[in-house]
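Please read the structure below before turning to the comments.
Whatever order the structure lists them in is the order used to number ligands and atoms, beginning at 1. None of the values given here were measured: they were computed from a predicted structure.
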Amino acid sequence: MIVKVCTGKTCSSRFSPYILKRILAEKAKYDTKNKSTIEECGCQGSCKTGPVIVIDGTLTDRMDPIKASNLYLERLKKKS
Ligand code: FES
């Protein structure tokens, strides 16, 4: 599973670095089998509804750190 967190200008101004930090912390805690890759990405063209994350090519908008980590953990669970 590849998780991209937009750290473009608009999403960053809406605290996407905290989303990234939180997902990385969840990965360290729960992804013991290393089934996910977390990376930053540039603007995805959905700034108006950012912050956004992209999981395996599917974009989800209006994220906050809690929503994003719940979504990540839900997807991680499905992978195991
Ligand atoms: S800066 Fe994140 S979608 Fe544009």
**Prompt:** So among K27, M1, K4, which one has a side-chain contact (heavy atoms from CB on, under 4.5 Å) with I38?
**Reply:** K27
**Message:** Could you check whether D56 pairs with K79 (Lys NZ or Arg NE/NH1/NH2 to Asp/Glu carboxylate O, under 4.0 Å)?
**Reply:** yes
**Prompt:** Between Q44 (side chain) and G42 (backbone), is there a donor-acceptor pair under 3.5 Å?
**Reply:** yes
**Prompt:** Can R62 and T49 be counted as having a side-chain donor-acceptor contact under 3.5 angstrom?
**Reply:** no
**Prompt:** What protein atoms of element N, O or S are positioned under 2.8 Å from atom 2 (Fe) of ligand 1?
**Reply:** C6 SG, C11 SG
**Prompt:** Has the side chain of D61 got a donor or acceptor atom that lies under 3.5 Å from a matching backbone atom of V52?
**Reply:** no
**Request:** Applying side chain to side chain contact (heavy atoms under 4.5 Å, CB included), name anything that partners C43, two or more places apart in sequence or on another chain.
**Result:** C47
